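Following: one structure in structure tokens, then a few remarks.
Quick note: residue numbers are just sequence positions, from 1. Computed from a predicted structure; not experimentally measured.
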Amino acid sequence: MLLWVVAAVSFHFLSAGRAYVGGESLWSKGQKDAVQWLYTYHRDCRPESFAAYRAAMDIPMGDRNARLELVKAEPDMEVIRRGFLQGRNHTDDIPGMVRLVRYFGDIGPLREVLAIWERADSLLQQMDAVAHTLDAMVQARCEDEQARRPLIAELMLLNAALTPLQQQFSDTLGAANRFMQRLLLGVMAATAVVFLGVGLVLAWGGVRRSIGYEQSLAYSEQRYELAVAGSNQAVWDYRLKSRQLFVTETLPRWLGYRAQKFDAGIPAFEDCLHPDDRASVMEAIWMHTQAGTPFELDFRLRKADGSYLWFHMAGRAFHDDKGKPTRVVGSVRDVTERRELQSAMQAELRVRLVAIASLRQTLSDMTEGNGGAAVPRNTDDMAAISDAISTLATQLRQSKEQLEAVLGLSPDGFASFDVDGRLVYVSPAFTHLTSLTAIDVMGLGEKAFAQVLDQRCAPGHYLGSLEAVADAERTGQRYLLALATPVRRVLALQWRKGRGTQVQSVLCLRDVTHESEVERLKSEFLTTAAHELRTPMASIFGFVELMHTRDMPPARRAQALEVVYRQSCVMVSIIDDLLNLGRLESEKGADMERQPLDLAQLAAEVIAGIDVPKGRDVPRLQVEPGCPSQVVGDQAHLRRVLVNLLSNAYKYSPDGGEVSVTLASGLAPAVTVDGRSGVWVAVRDQGIGLSPEQLARVGERFYRADASGSIQGTGLGVSIVKEIVALHHGALEVDSTMGKGTEVRVFLPLASS
């Protein structure tokens, strides 16, 4: 009880020390927020800003009022309580905070903490005086910021002077807490040593008595184990209420386990049961337990090496005076040899029965005749068997022809090896995939065959051995082989062991070149997307880290925030474009609302609402006389097409020049899509243009013609346009000349077609 009291007192004062640490954090935050709001008030002259300053300043001022009352000879506890509550301290921590200062305030580290607190409160008073002077000047003449600058400078000096005091307060308070912790731990250790000595004296007598009991019990158990071991049986005892299972050491030793294997109870025994026997054994034990009758059954238990042994169990249940089962006791003995002998005899019997049945069936078939002709029943047995063998040979030949036909039509290649590991067969598809004929590889061993196949592999992608294929399959991986000749191919290899007497193993080759290329493109896409997102993220992280770790002038901070905002917009644009592109590809236009619409009217609406760069003219819209403009499509997606093309036209013509939108049916040679006539929408700029190499890559994801990075964009705009146009069964064409501009043409089928 005394040790508990000492521990409770120790935790009480340590908790009070942590409360002061939390209070200092609130004090510092309130002071820094007050300075920020006072600076804001100097700039905007809004009463709300000065009210926010007062609210932030109330926190350190409340702690100041509590400190002034704490150091008095007879403090008013209610004043201290109100002060700490105003400083946002938790009400449950206040009694401990008061006692810590009252009882330990004159001890070295804590006395220094109070002195630092007093100096900080003095600077806080000066800051509040400056704040009221500033308030008076703002109310008198808000627009005269120049006159208030000396006060702001003085405020910043006071704030700078408070920062080291706050750090010093935290460090000194930490030292005081550690001093208190060492002192209280010493008291607890001394009390514990006293109690430990008393406990050792009292326990020694009990230990001496228990040693005698344990020795007697050990002698009894040894005699029991010797008796059980000599009987070639294991004894078990299952307590139903606690689900505990007691087993003699004989059973774990038979299974190759430690003697403590079944100490975990019946779950450990159930886990060792063969999966096919588990349910029946547990159900049999339960049923006989309820009935109270003796039982016997055979089952399999798993050894430590993973194999199984057969056991015969006999047992009986015991019940209490109310008829409820309390325990089951019995014996277990190894009957593996007996079961194996029975299994071998049954297998041999089954083989003989099958052979007799097969012979009888063959004889019955012989009586059916050959080719529909009746066979006399008195036909010689050897002649009948010869006819049956001839029929079987014919069937085998037909099966072989069918198998060769199937293998000949299969796109997968096969190579089989006999029991000596020699290659005995290759399929036509194998020759097609590897250009190796049967003459080239027939009779080769597995190692020599792998060497021949390596000669056609790309550098660094050699097969080495067929065991490498098997190792990959055992780990659940797919083994890929890259061929350089006769053509570049990627093959997936599988090696299967045969069960027949003639075929030991079969090697399967499947052409996965297309799948590998798709995986490569997917990987490149993910890498490029991550790189594009990392570029703006690096700028955002850098400026945010700079603002987080350094005090920056307002102008510099505003500039940094502008960069963060601009790069965030870039990230949002990339993510939006990726989501739109992914939705277009996955839904295949399922979400489109296709309806008749006037393409000329839609183009006019887009031009009227587009955000044209400062100093540039809006796009010029031209509609060829007599040009039809009625199409069927999704208005939102077609609007996105025009917006993306116009945005690119302005971005890639930074030096100016006219941007035009033209609707015509004869802009290009007569081109139709699926035999349907349509209308061409052309967006023309007079910008930087594209080289033939750049023109060939238009539409690739994340590709931008401007390699300098001065032109903002995600590189996904044309990809989205390409997907939308394809979903509308249209076409996309691009013409461009370096230094003269670019024209992008979109073909959309007319509603009538």
Nearest heavy-atom neighbours spanning D598 and S629: OD1-OG, 2.7 Å
Salt bridge present between R54 and D128 (N-O < 4.0 angstrom): yes
Closest non-hydrogen atom pair between M547 and V564, with its separation: CE-CG2, 4.5 Å
Euclidean distance, T742 OG1 relative to L645 CG, rounded to 0.5 Å: 11.5 Å
Backbone of C45 reached by a side-chain donor or acceptor of S49 within 3.5 Å: no
Distance in Å, D412 CG paired with R510 CZ, rounded so as to fall on 0.5 Å steps: 4.0 Å
Minimum side-chain heavy-atom gap L134-I152 below 4.5 Å: yes
Gap between atom CG of L38 and atom CE of M156 - 0.5 Å precision: 8.5 Å
Derivation of the side chain to side chain contact (heavy atoms under 4.5 Å, CB included) call for L663 and L621: CA-CA 8 Å; L663 270 70; L621 176 62; 4.1 Å; yes
Side chain to side chain contact (heavy atoms under 4.5 Å, CB included) between V618 and I610, intermediate numbers included: CA-CA 8 Å; V618 298; I610 193 170; 5.5 Å; no
Derivation of the side chain to side chain contact (heavy atoms under 4.5 Å, CB included) call for N159 and Y39: CA-CA 12 Å; N159 180 53; Y39 182 77; over 6 Å; no
V426 side chain near L436 side chain, heavy-atom distance below 4.5 Å: no
Ring geometry between H132 and F50 (parallel below 30°, tilted from 30 to 60°, perpendicular above 60°): perpendicular
CG (D144) with more than 12 external heavy atoms under 6.0 Å: yes
R456 CZ: over 12 foreign heavy atoms closer than 6.0 Å: yes
Residue pair R684 / S660, side-chain heavy-atom distance below 4.5 Å: yes
Minimum side-chain heavy-atom gap S568-I540 below 4.5 Å: yes
Enclosure of R88 CZ (heavy-atom neighbours >12, cutoff 6.0 Å): no
Closest approach of P60 to Q31 (non-hydrogen atoms, all atoms of both residues): CG-N, 4.3 Å
Any side-chain heavy-atom pair of D617 and E658 under 4.5 Å: no
Heavy-atom pair with the smallest gap, counting every atom of M127 and Y53: O-OH, 4.1 Å
Nearest-0.5 Å distance that lies between atom CG in D454 and atom CG in L483: 10.0 Å
Expected output: side-chain Q86 to main-chain D58 donor-acceptor under 3.5 Å: yes
Nearest heavy atoms of R616 and V659, plus distance in Å: NH2-CG2, 4.0 Å
W27 side, atom CH2; L162 side, atom CG - distance, nearest 0.5 Å: 5.0 Å
Between OG on residue S435 and CZ on residue F430, distance to nearest 0.5 Å: 9.0 Å
Side-chain touch R639/E605, heavy atoms, less than 4.5 angstrom: yes
Stepwise side chain to side chain contact (heavy atoms under 4.5 Å, CB included) check, E624 with T662: CA-CA 8 Å; E624 182 185 74; T662 305; 5.8 Å; no
Beyond-backbone contact of L638 with L748, side-chain heavy atoms, under 4.5 angstrom: yes
Nearest heavy atoms of L433 and R489, plus distance in Å: O-NH1, 3.2 Å
Donor-acceptor pair, side chain of T40 and main chain of Q36, under 3.5 angstrom: yes
Any donor-acceptor N/O pair, R43 side chain to E145 backbone, under 3.5 Å: no
Pairwise side-chain contact, D611 with Y650, heavy-atom cut-off 4.5 Å (strictly under): no
